[in-house]
Protein chains: 2
Amino acid sequence: MVQYSKKIQAVPEPTIRRMPSYLAFAEGLLRKGQQFVSSTQIANYMNIDPTQVTKDLSYTTIVGKTRVGYEVKAIVDVLSEFLGFSVMDNAFLVGAGSLGSALLHDSGLNHFGLKIEAAFDINPSTIGRKINDVEVFHIDQFRDLAQELNVIMGIITVPAENAQTVADLMVAWGIKAIWNFTPARIKVPEDIIVQNTTLYSNLAIIFNKLHQERREE
Amino acid sequence: MVQYSKKIQAVPEPTIRRMPSYLAFAEGLLRKGQQFVSSTQIANYMNIDPTQVTKDLSYTTIVGKTRVGYEVKAIVDVLSEFLGFSVMDNAFLVGAGSLGSALLHDSGLNHFGLKIEAAFDINPSTIGRKINDVEVFHIDQFRDLAQELNVIMGIITVPAENAQTVADLMVAWGIKAIWNFTPARIKVPEDIIVQNTTLYSNLAIIFNKLHQERREE
DNA sequence: AATCAATAAAGAAATTTTTCTTTAATAAAA
DNA sequence: TTTTATTAAAGAAAAATTTCTTTATTGATT
C-alpha cells in the first residue's frame, strides 16, 4: 500500500483500459510456463507500439530487465493488485433481463474482483429464481442490505427509461459506484463514481470504419 | 451521399463514441415532442463541456441556430445516417452462451442497424434451438452462408481461448469486420476491421477511481 | 427601437496521449 | 574478451483531443 503513496498523479485512462489485456495475456503466458515477456511481444499481441507498453507498465512498480523483458509473474501479480482485481468488491445488480443474466453468468467478473451478491428486478417471473447461484429479489426488498453486505457497486441493466430511478435508489442505498449499461446518462451526486458502458458506441466505431473504407473505394 | 465526399478527414474516435448518446438523447426528446435542443442541454445531460458537443456535431451536416439550438429531428436523422444506424448490416454470432444470448435478445442492435442472421456454437444442447428467433447452428455448417446472406460482420462471444480459431473461420468466410467480446486479441489480415469490447476495462476504471478516492482519504 | 442574454461556430490555447529518440544495460554471438 | 543486438527507461517531440476565447447572430426583454 505504501508503494502507491507517490502515485497520486492519475494514471491515464487509456492506460487503465489496456492493462486488463496485458494482464490476460500475462496470465496466459504464466499458464504456458513462460517466465519472461518483452514489451515487443506484448505490443505485438496488442497491435500497439512497444513504447506504449513500457510507458503503461511504468505507472506500476513493475520493472523490466534489459535484453530480457518483464517477469510474467510480476506482471500478473502487480497488475491485478494495481487494477483492484485481487480484492473482492461486492455489487448489486438491478435488472435481471438478458444482459443482467449474462453478467451474472460471467465468471470473469469474479475472477477480476467483483462479486455480485444479489440481483433485483420487478418482473414476478424472475423474482425468487436463482441465476448462477445469485438470488433475484424484488427491487423493493432489502433496501438496506447494501450496507449490511458492504456492497459498494450497483450495476444497472434495466431498460434505459428506468435507469435514473434505479440510480436514485442506489444512491439512497449508499452505493459508491454505479456501472451503467444503459445508453441513458444518469444524474448522481458528485462523489458517486459512474461508469457508462454502452455497446452501441462500439457498433458506431465499426460502422464508421466500414463506411470510411467504402468512401475511399 | 455526396455530402460526405469532403469528410474523408477522419472523425475522432472519442467523437464517434459520444454520438450514439447524443442520438439516444435526441430520440427521447423527439418522443416528448421537443423541437429544439441546445448544446448546453446536451452537455448537461452528458456531463461534458458544451463546446465539445458543438465540435462533435460540426463533423456532421447538422447546423444549429443561434439562441435556439439544434433541431432535434435533424440530430436524430443525420446522426443515425452518419453512424450507419439507418442501413441494416448483417452479422453472424459465434458463441451462443450467456453473453451471446444477451446480444441475441438485445433489440437495441436491431434498432441501431445490426441484424444477427444466425448464431453458431459447438454445444449440442444449444444447436438447433432458436434464441429470440435466431437459429443456432453447429459451427461447421453454413460456412459459405456468409456471402450468400451478405453478412459483413462476425461477433465473437466464445471463451477467450477459442477466439483466434473463430476469427480465422470468419476471415475464411469473407467477413469484413469482427466484433470481439473476448479479452483475447486476435490476429487478422490488415483489411479486416476488429473492434475489441472487453467489459473488464470498464471494471478496471471503476476500481481505479474507487481506490484513488481511498488513497486521497 | 434599443439592449440584453443565450447561443453556434471558428479558431487558439492548453492538455493529454502517443510516438520518436537517445541512453544505458546486458545476454548472446563472434 | 570483444562485439553485436535487443531491450527497458527516460525524456523530447509530435499528434490528438479538449477546453478556452472571441465573434457574430438572434430571440427575448426593456
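In what follows, every chain begins at residue 1, and chains take the letters A, B, ... in the order their sequences are listed.
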A/Ile16 CD1 to C/dT16 P, in whole Å, measures 15 Å
Is there a donor N/O on one and an acceptor N/O on the other, under 3.5 Å, for the side chain of A/Arg67 and the base of D/dA5? yes
Taken to the nearest whole Å, CG/A/Asn44 to C1'/D/dT6 is 15 Å
Quiz item: Between B/Thr51 and B/Asp49, is any side-chain donor less than 3.5 angstrom from a side-chain acceptor?
Solution: yes
Residues B/Asn180 and B/Asn196: side-chain donor-acceptor under 3.5 angstrom: yes
Worksheet item: A/Gln52 side chain N/O closer than 4.0 Å to the phosphate oxygens (OP1, OP2) of C/dT19?
Response: yes
Using a cut-off of 4.0 Å on non-hydrogen atoms, how would the nucleic acid contact of B/Thr40 be classed: base, sugar-phosphate, or nothing? sugar-phosphate
Overall bend of the helix from C/dA1-D/dT30 to C/dA30-D/dT1 (five pairs an end, 10° steps) is 0°
Taken to the nearest whole Å, CE/A/Met19 to P/C/dT17 is 13 Å
Does any non-hydrogen side-chain atom of B/Met153 lie less than 4.5 Å from one of B/Leu114?
-> yes
By nearest-nucleotide position on DNA chain D, the 5'-leaning member of B/Asp56 and A/Gly64 is A/Gly64
Winner on side-chain proximity to A/Thr66, out of C/dT26, D/dA24, D/dC20, is C/dT26
To the nearest angstrom, the OH-C1' distance between A/Tyr59 and C/dT17 comes to 8 Å
For this session: Ignoring backbone atoms, test whether A/Arg18 places a side-chain nitrogen or oxygen under 4.0 Å from the OP1 or OP2 oxygen of C/dT17.
Result: no
| task | Evaluate the side-chain proximity of B/Phe92 to B/Leu149: yes if any heavy-atom separation is below 4.5 Å, no if none is. | result | yes
In whole angstroms, the gap separating P of C/dA8 from OH of B/Tyr22 amounts to 12 Å
From CG of A/Asp49 across to P of D/dA15 the rounded distance in Å is 14 Å
Comparing A/Val68 with A/Pro14, nearest DNA chain C nucleotide closer to 5' gives the residue A/Pro14
Decide if the gap between the ring center of A/Tyr70 and the ring center of A/Phe36 is smaller than 6.0 angstrom. no
Rounded to whole Å, the CG-P distance (B/Leu57 to C/dA8) equals 9 Å
Notebook entry, point to check: Between A/Glu13 and A/Arg17, does at least one N-O distance fall below 4.0 Å, as a salt bridge requires?
Noted result: yes
Regarding the side chain of A/Val63, the nearest nucleotide among D/dA9, D/dT21, C/dA8 is D/dA9
### Distance test, side-chain N/O of A/Ser38 to OP1/OP2 of D/dT6, below 4.0 Å
no
- Message: Looking at A/Lys55 and C/dT19, is any side-chain donor or acceptor paired with a base atom of the opposite kind under 3.5 Å?
- Response: yes
Checking D/dA8, D/dT17, C/dC20 against the side chain of B/Pro12 (C-beta onward), the nearest is D/dT17
Here the distance between atom C1' of D/dC20 and atom CD1 of B/Ile48, to the nearest Å, is 15 Å
Residue set satisfying side chain to side chain contact (heavy atoms under 4.5 Å, CB included) with A/Thr157, at least two apart, ordered chain then number -> A/Leu93, A/Leu99, A/Leu103, A/Ile155, A/Phe181
**Request:** Taking only the side-chain nitrogens and oxygens of B/Ser39, find out if one of them lies under 4.0 Å from OP1 or OP2 of C/dA8.
**Result:** yes
| field | Test item: B/Ile75 and B/Leu23 side chains (from C-beta on) under 4.5 Å apart, heavy atoms | value | no
